[in-house]
Structures are given as structure tokens and as C-alpha cells.
A.B. asks: 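One structure, as C-alpha cells, below. Some questions next.
Just so it is clear, the values below take in all heavy atoms, side chains as well, and ignore hydrogens, waters and symmetry mates.
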Amino acid sequence: MGGAPSTPRNSGGDDVSVSEYPIATFVGEKSFPLASDFWNKLLELPLSSRWPTDRVQQACELFAQSNGYTRHLSKLLIHLSWCLQELLQDSDAQSSIYKKAVNATYISSVFLKHLIENGKSDSLEELHLSLDESEPVPHGFVMDQDIHNFVMHSVLSFIGSTEVSPNSYVLHQELLNFMLVTMSTQLLSGPSPRPRDANPFIDAAMAQEKSLVCLAVRRLLLNYISRHRTPPNAKSYLYSDGDQQGILERVGSAAATFVLLPLNYLVNNSGGSKNPLAECSLHVLLILINYHKSIMSDESMTDKSDDSATSDPVSKVHVFISGNTFSKALANAIDVEFDRSDVEGNAHPTGPHVRIPFASLFDTLGMCLADEGAVLLLYSLLQGNSDFKEYVLVRTDMDTMLIPILETLYNSSRRTSSNQIYMMLIVLLILSQDSSFNSSIHKMILPSVPWYKEHLLHQTSLGSLMVIILIRTVQHNLSKLRDVYLQTTCLATLANMAPHAHHLSAYASQRLVSLFYMLSRKYNKLSDLTGEKLQSIKINLSGEDDGVSEDLTAELQIFTDFLRLVLDILNAILTYALPRNPEIVYAIMHRQEVFLPFKNHPRFHELVENIYTVLDFFNSRMDSQRSDREWSVQKVLQFIINNCRSWRGEGMKMFTQLHFSYEQESHPEEFFIPYVWQLAVSRGGYSFNPEAINLFPVPQPVEVST
């Protein structure tokens with residue numbers, strides 16, 4: 001689990017036999033009270049010991065049978081909380097306390113995961129997260145407190161309050177793994193949250209006080225930014241010898257070892273992580289901020305529809321989504337430089353806030369945007385945090401963030417998931433809503449773009465490259481994916497950029513006119529097919545339509561909208577930015593025949609009219625000089641540049657400037673919760689019984705020969 005298998009190394013048979021006795025006692029039928037010395041013996045096992053896989057599986061099955069009576073899971077979680085509290089209270093705590101905390105976290109993860117993925121009841125009664133009423137408890141322990149709330153408070157407190165150091169690295173990693181296990185109850189539910197879904201641990205996390213939530217969010221972000229390498233003293237614990245998988249990856253279901261491969265194809269997987277703590281922190285954060293709890297309220301009203309003396313109460317059920325404290329904490333995060341820069345006496349935010357270095361976060365995201373988790377985090381920040389969005393928009397090195405996104409979109413046919421493409425396009429759409437962004441990207445010149453193979457891009461502006469990649473994505477989608485949402489998002493972003501185009505390159509201009517031509521051919525083909533189908537129905541007089549004509553009509557309407565949108569893009573450039581874009585004028589003049597069929601078309605003529613106003617202006621001036629000179633490409637372009645100076649836009653119709661904004665769907669959790677868990681399962685090496693997963697479709701198991 002996490003970025004690296006969390007498995008102690010095998011140091012020999014003696015360690016195994018030493019380990020098995022307390023483990024066998026733990027899963028047995030004898031119940032040990034909280035104050036028993038047995039717990040010290042269990043938690044003081046050598047960290048170097050490794051349990052054989054078959055014995056772990058057998059232990060888990062025995063534990064599932066005995067835990068209802070012994071309540072050993074609850075007691076172990078209480079001991080874990082006590083260990084963490086002791087570490088928080090004493091910064092110079094002995095290494096033995098760290099060892100006990102690591103063992104408590106690890107052992108809890110193993111057995112809790114088995115209970116969750118093999119649970120039979122919707123309410124997860126198999127966990128037995130309570131103590132028996134007759135249980136003798138130590139002085140100071142409150143018997144009726146929720147154990148899941150008690151342990152989550154301790155775990156989040158330690159994560160949020162303790163720096164990651166070589167000595168604490170292993171415990172931080174194991175606690176993040178433990179959080180993934182506790183939150184994996186979401187995998188048992190469907191993609192739409194329901195009031196009866198049982199997620200006790202993540203609900204407990206949401207119930208923590210705001211200050212603790214802010215500390216935890218801050219630490220998870222700092223872990224991601226810092227990208228701590230695994231310290232040498234931790235490698236012997238976190239990594240097993242050779243290519244063996246860790247216990248947590250193998251326990252629970254034999255099918256789990258087979259499901260990892262097909263799950264990897266759900267998302268972009270680049271292999272093992274070099275920064276397991278950073279990646280695990282990101283997955284935990286994404287799961288927390290995207291959690292939605294559905295709550296049902298039952299309100300009684302009196303039916304007053306008649307004037308009778310008695311009236312019947314009517315029960316009305318409301319289902320609503322509760323707030324997410326972690327999402328709010330991320331949305332309200334501020335830059336650590338806020339206090340220093342706010343020198344004009346502006347009011348400071350009150351209450352606890354997440355304070356993080358925006359500059360470091362921006363740079364880290366720029367380095368990691370080939371990874372889907374990084375794109376999701378960037379989206380969450382841009383969509384929810386206005387301070388971070390404003391920070392991004394004033395950066396002068398937007399290429400740091402845009403180039404990785406554009407390169408990934410360029411290579412999207414190479415196993416890039418459709419979800420990743422969507423998220424990147426939405427990020428571009430959000431950025432394009434800002435006029436300063438649209439202006440600044442045309443001022444940044446890229447010496448070369450080595451990964452773009454179809455055409456040599458030399459001294460191309462970042463804005464021109466963005467136009468080229470968006471058009472290429474549209475064209476690829478037309479021929480392969482046929483996804484209307486993807487298409488609309490690309491064209492909406494281009495429409496936002498159009499009025500601010502500045503020295504659009506020759507290649508970008510050509511691709512824009514070629515896009516119009518490609519869409520026009522598709523439109524004409526659909527128009528002909530639709531006409532033929534309607535004529536066929538009239539001739540047959542059958543009165544029956546098999547639905548084909550309706551499908552054709554709907555597709556024709558889609559391409560009508562696409563074609564009008566491309567004409568709007570061209571109009572916006574010609575209306576608001578023609579003098580700055582001679583190359584677009586050249587591209588239109590060079591391919592002016594493609595617009596002719598639409599000059600008098602009832603659906604397009606008003607949008608094509610401006611294009612012909614431009615063509616008439618430049619053609620008439622060129623005709624007056626054509627007889628006495630030969631026209632090369634360079635001479636035509638220079639002629640256009642010269643005449644752009646005298647262009648006044650006379651005769652141009654002014655259309656309302658299009659501006660598209662991104663709006664989240666009404667139930668975003670139905671997309672994001674399954675998506676983030678797909679990332680956690682496939683990218684984090686987190687195996688889970690595939691037969692128990694209801695959150696997203698699991699590919700058929702693929703057995704790998706060994």
C-alpha cells in the first residue's frame with residue numbers, strides 16, 4: 001500500500017516463530033483486557049520480522065471469527081491512539097514508543113482491511129468498533145466514546161503536528177496507509193453516495209475540529225511539496241527483498257494479485273513511485289476533499305389542503321449532501337507570504353487557515369502534471385481556491401504549468417485515460433476565463449517544441465502552441481473518440497482565447513482554417529444523409545422511423561453548433577484582433593473557397609458575412625496591384641501586414657463576444673469519488689478484493705504467469 005509495499009523484511013525463521021505466537025494469541029478466542037501486558041508484547045515485535053503469506057491469510061480468517069467476542073480490533077485501535085498521544089506529548093519519546101506505534105498501525109491495517117473487503121453487512125457490523133460493557137478499562141478512559149472518532153483524532157493530530165524526519169518517516173508512511181485502509185469502505189458503495197452508506201472512519205475525520213483539519217491538510221500538502229526520499233534507515237522496513245510483494249498487497253483475497261494489472265489500465269501508470277510518502281499523501285488528500293456524505297432528513301408537515309377540523313401529517317424526505325471540512329480547508333488555504341505582502345492594512349482572515357508556500361506548490365505541480373493525481377489537485381485548487389488561482393494567473397512563467405499539460409494532451413492517444421484528458425481540458429478552460437491569461441500566453445515565446453513531431457515549431461508563442469494542441473485534440477476526437485463534452489470544452493477554450501490572439505503563428509492559423517474545413521465536410525455529409533433519410537420515409541409512407549433519422553438529426557445539430565462556434569472564433573479574431581494577426585488573414589485568403597458554400601447558407605450566412613468583408617477588403621487591394629508584380633508567400637504576407645495598418649473594420653458586424661465559464665456538475669462526487677479511488681488502487685499499489693468493489697467497474701481479472 002502507499003507508494004511502496006509496507007512490508008518488513010524476512011530476517012530468518014526465528015523472527016517468524018517469535019512473531020507468530022503473539023499474532024496467534026491476538027486472533028485467538030481469548031479476550032485480553034485493555035490493561036493486559038499482552039498488548040505490550042504484541043506491539044514490541046521486531047520490525048524486521050516477516051509473516052509468511054499463508055499464515056497471514058489464515059490469521060485474518062481466524063480474526064474475523066473471533067473479533068466479535070474479543071473486540072481486539074477496537075482495543076488495538078485504542079492502543080494505537082495512546083501511542084500517538086504519548087509521542088505528541090513527549091517530543092523526546094523513546095524509540096520503543098515509535099516502534100509500538102508503527103506495529104499498532106501496521107497490524108491494525110492488515111486486519112481492518114481484511115474485515116472491510118470481506119464484510120457482509122451494509123453497516124460494517126463485522127468491525128465491532130466498540131468495547132463490551134463488562135470490559136475493565138483503565139482510569140481516565142471514557143467508555144462510551146466512539147472508537148473510530150478517538151483513533152482518527154489521534155492519527156490526524158500526529159500527522160498534522162509532527163514533522164517528517166528520518167526517525168518519524170516510517171510512522172508517517174504507515175499512518176497514511178492506515179488512513180487509506182480506513183477510508184476504503186467507500187469502495188463497497190456505489191458511485192452515488194447514499195444515506196445508508198457506512199463510512200465510519202472518514203465520517204469521523206470530517207467531524208474533527210477545524211484547527212485539526214487545517215493542520216492535517218497543511219501536512220499532506222507539505223509532504224507532497226517536499227517529496228521526501230525514503231531514508232536509508234527506513235528502507236529495510238518499507239521494502240522487501242527482491243520482487244516480493246508486501247503482505248498488505250497480498251492478504252485478503254487471492255484474486256487481489258491478479259487485479260492489479262487490469263486496474264493499471266484505468267489510469268496512466270508510470271510504475272513505482274520514487275516518492276511514496278508524497279504520493280500517498282496526495283491520494284489521502286484527494287479522497288478526503290472529494291468525500292460527500294448523503295444525509296436524509298424526515299420532515300413532517302400538516303396537510304392543509306382541505307378545511308376539515310383534522311389534518312393528516314405528511315412526511316417529506318429530503319436528501320442532501322453534508323459539508324466537507326477538508327475541502328473547505330483547501331479552498332481557504334492561503335500563501336505563507338500573505339502576511340508579508342499584505343502591507344496595505346487589508347484585513348487578515350480570522351480563524352485557523354492552511355498556510356502553504358504557493359510558489360513551491362506551483363513548481364511541484366509543474367513538475368508532476370504528467371501524473372493524474374497532480375492534475376486533480378491543480379483542478380481542485382483552481383476551482384475552489386480563489387487565492388491560489390489568482391496567484392497562478394499572475395505568474396510570469398505559465399509555461400511551467402502549461403507545457404506539461406499540452407504535451408500530455410499531444411500524447412493523449414498513448415494510454416492517457418479519458419478522465420485525465422477531461423481534467424486537463426477543464427484546467428485550460430478555467431484559466432482561459434481570465435483575459436490577462438489569454439493575453440500573456442501570446443507574449444511568451446518558446447524557442448522550440450521538441451516533442452511536437454508533425455511540424456517544426458520554432459519561435460512559437462505559448463498561445464499559438466495552445467491553439468495548435470486544442471485543435472489537434474478536437475481533430476483526434478472527431479476521428480476516434482467522438483466525445484461531445486470533450487469537443488465542446490476545447491472549442492469553448494479557443495473561443496475565450498480568440499479576442500486576445502496576438503501574432504498567431506502561421507501554422508496555428510492554418511490549423512484553425514483546416515478545422516473549419518474538416519467540420520464543414522462532416523456537416524455536409526450529415527446534412528445529405530439526413531435529407532436522404534427524410535425523403536426515404538416520405539416515399540415509403542410507412543409512418544415508421546427506426547430512430548436512425550432522429551440520431552442523424554441530433555448529430556447534425558451538434559455539428560451545426562460546432563461549425564458555428566468555429567466561425568465565432570474566427571469572427572472574434574477578425575473583429576477584435578485582426579491588425580495583430582496577419583497570419584490568420586493569410587490562412588483565410590489562401591483557403592477562401594472553403595467558406596463559399598456557407599456564404600448564403602441560412603444557418604451560417606451572418607457569421608460568414610464578416611469573413612467575406614475581410615476577404616473583399618484585402619482581395620480588392622491585391623487585385624489593384626496584381627498585374628504588375630509576381631506574388632510569393634512572403635510578398636502576400638507583407639502585403640497583408642501593410643494593409644492591416646489601414647484596416648478600420650468598416651462594414652463588420654459586431655457580435656456579442658462569447659465567454660465560456662466552467663461550472664461543476666450538480667453531483668460532482670459521482671465522477672470524482674470513483675476517479676480518486678481508481679488512482680489510489682492502481683497508482684498506489686493498494687490491492688483490494690475486486691469482487692467487493694462497487695464504486696467503479698473492475699476489469700476482468702488477468703492472470704499473469706509467474
Side-chain angles (χ1 to χ4, degrees), residues 1-2 4-12 14-28 32 34-53 55-56 59-60 62-63 67 70-88 90 93-115 147 150-151 154-155 158-159 162 166-182 230-231 233-240 246-251 277 280:
M1 285 180 14
S6 177
T7 309
R9 297 176 63 175
N10 185 0
S11 298
D14 291 340
D15 280 343
V16 173
S17 60
V18 168
S19 303
E20 284 207 10
Y21 175 74
I23 294 297
T25 306
F26 174 70
V27 303
F32 289 87
L34 274 171
S36 170
D37 190 53
F38 161 75
W39 297 103
N40 284 327
K41 294 178 181 178
L42 176 68
L43 299 183
E44 289 174 354
L45 287 172
L47 295 181
S48 59
S49 62
R50 181 185 177 90
W51 313 329
T53 307
R55 300 292 289 163
V56 174
C60 285
L62 290 171
F63 183 75
N67 181 54
T70 65
R71 304 297 170 102
H72 277 180
L73 176 62
S74 291
K75 295 171 187 177
L76 181 58
L77 293 176
I78 292 170
H79 275 278
L80 167 59
S81 299
W82 286 344
C83 288
L84 295 176
Q85 289 173 4
E86 188 172 352
L87 289 172
L88 284 171
D90 183 4
Q94 298 177 359
S95 60
S96 60
I97 306 299
Y98 270 101
K99 177 181 176 180
K100 289 173 67 175
V102 170
N103 271 336
T105 309
Y106 181 70
I107 296 170
S108 298
S109 297
V110 171
F111 293 101
L112 180 58
K113 175 178 177 292
H114 179 84
L115 292 176
I147 292 174
F150 184 56
V151 71
S154 300
V155 169
F158 183 87
I159 290 174
T162 309
N167 291 330
S168 66
Y169 181 95
V170 169
L171 183 52
H172 271 279
Q173 180 72 64
E174 286 299 349
L175 286 172
L176 291 172
N177 292 339
F178 172 79
M179 287 200 67
L180 281 176
V181 170
T182 63
T230 306
N233 64 334
K235 289 183 178 178
S236 62
Y237 173 81
L238 289 174
Y239 297 95
S240 55
I247 290 170
L248 292 187
E249 289 185 321
R250 294 182 296 192
V251 74
L277 188 71
C280 197

A.B. asks: Holding to side chain to side chain donor-acceptor pair (under 3.5 Å), I want the full list of residues that pass it with Gln85, two or more places apart in sequence or in another chain.
C.D. replies: Ser154
A.B. asks: Working to the nearest 0.5 Å, report the span between CG of Asn67 and CG of Leu112.
C.D. replies: 9.5 Å
A.B. asks: Please report the closest heavy-atom contact between Thr70 and Gly28, naming both atoms and the distance.
C.D. replies: CG2-O, 3.6 Å
A.B. asks: Between Leu42 and Pro22, which heavy-atom pair has the shortest distance, and what is it?
C.D. replies: CD1-O, 4.0 Å
A.B. asks: Would a 4.5 Å heavy-atom cut-off, applied to side chains only, mark Leu171 and Phe158 as touching?
C.D. replies: yes
A.B. asks: If you compare all heavy atoms of Ser81 against all heavy atoms of Phe150, which two are closest, and at what distance to 0.1 Å?
C.D. replies: CB-CE2, 3.4 Å
A.B. asks: Out of curiosity, Asn103 CG to Lys99 NZ, how far, rounded to the nearest 0.5 Å?
C.D. replies: 7.0 Å
A.B. asks: Examine distances only and state if a side-chain atom of Lys100 and a backbone atom of Leu43 form a donor-acceptor pair shorter than 3.5 Å.
C.D. replies: no
A.B. asks: Set out, in order, the CA-CA distance, both residues' side-chain angles and the distance that settles side-chain contact (heavy atoms from CB on, under 4.5 Å) for Leu115 and Leu73, then state yes or no.
C.D. replies: CA-CA 10 Å; Leu115 292 176; Leu73 176 62; 3.8 Å; yes
A.B. asks: Which heavy atom in Ile97 sits nearest to a heavy atom in Glu86, and how many Å separate them?
C.D. replies: CD1-OE2, 3.5 Å
A.B. asks: If I take atom CG from residue Leu77 and atom CZ from residue Phe111, how far apart are they, to the nearest 0.5 angstrom?
C.D. replies: 12.5 Å
A.B. asks: Decide side-chain contact (heavy atoms from CB on, under 4.5 Å) for Val170 and Tyr106; before the verdict, give the C-alpha distance in whole Å, the side-chain angles of both, and the deciding distance to 0.1 Å.
C.D. replies: CA-CA 10 Å; Val170 169; Tyr106 181 70; over 6 Å; no
A.B. asks: Check the pair Tyr98, Ser168 against side-chain hydrogen bond (donor to acceptor under 3.5 Å, both in side chains), reporting the backbone distance first and the verdict last.
C.D. replies: CA-CA 8 Å; Tyr98 270 101; Ser168 66; 5.3 Å; no
A.B. asks: Could you go through the side-chain contact (heavy atoms from CB on, under 4.5 Å) check for Val151 and Phe178 one step at a time?
C.D. replies: CA-CA 11 Å; Val151 71; Phe178 172 79; 4.2 Å; yes
A.B. asks: Can you give me the closest heavy-atom contact between Asn177 and Ser109, atom names plus distance?
C.D. replies: C-OG, 4.5 Å
A.B. asks: Is any side-chain heavy atom of Leu76 closer than 4.5 Å to one of His72?
C.D. replies: no
A.B. asks: Using side-chain contact (heavy atoms from CB on, under 4.5 Å), reason through Leu175 and Met179 one step at a time and then give a plain yes or no.
C.D. replies: CA-CA 6 Å; Leu175 286 172; Met179 287 200 67; 5.7 Å; no
A.B. asks: Tell me the closest heavy-atom pair linking Ala101 and Leu84, and the distance in Å.
C.D. replies: CB-CD2, 4.4 Å
A.B. asks: Sort out for me which residue in Phe32, Trp39, Phe26 forms a ring-ring contact (aromatic ring centres under 6.0 Å, His included) with His79.
C.D. replies: Trp39
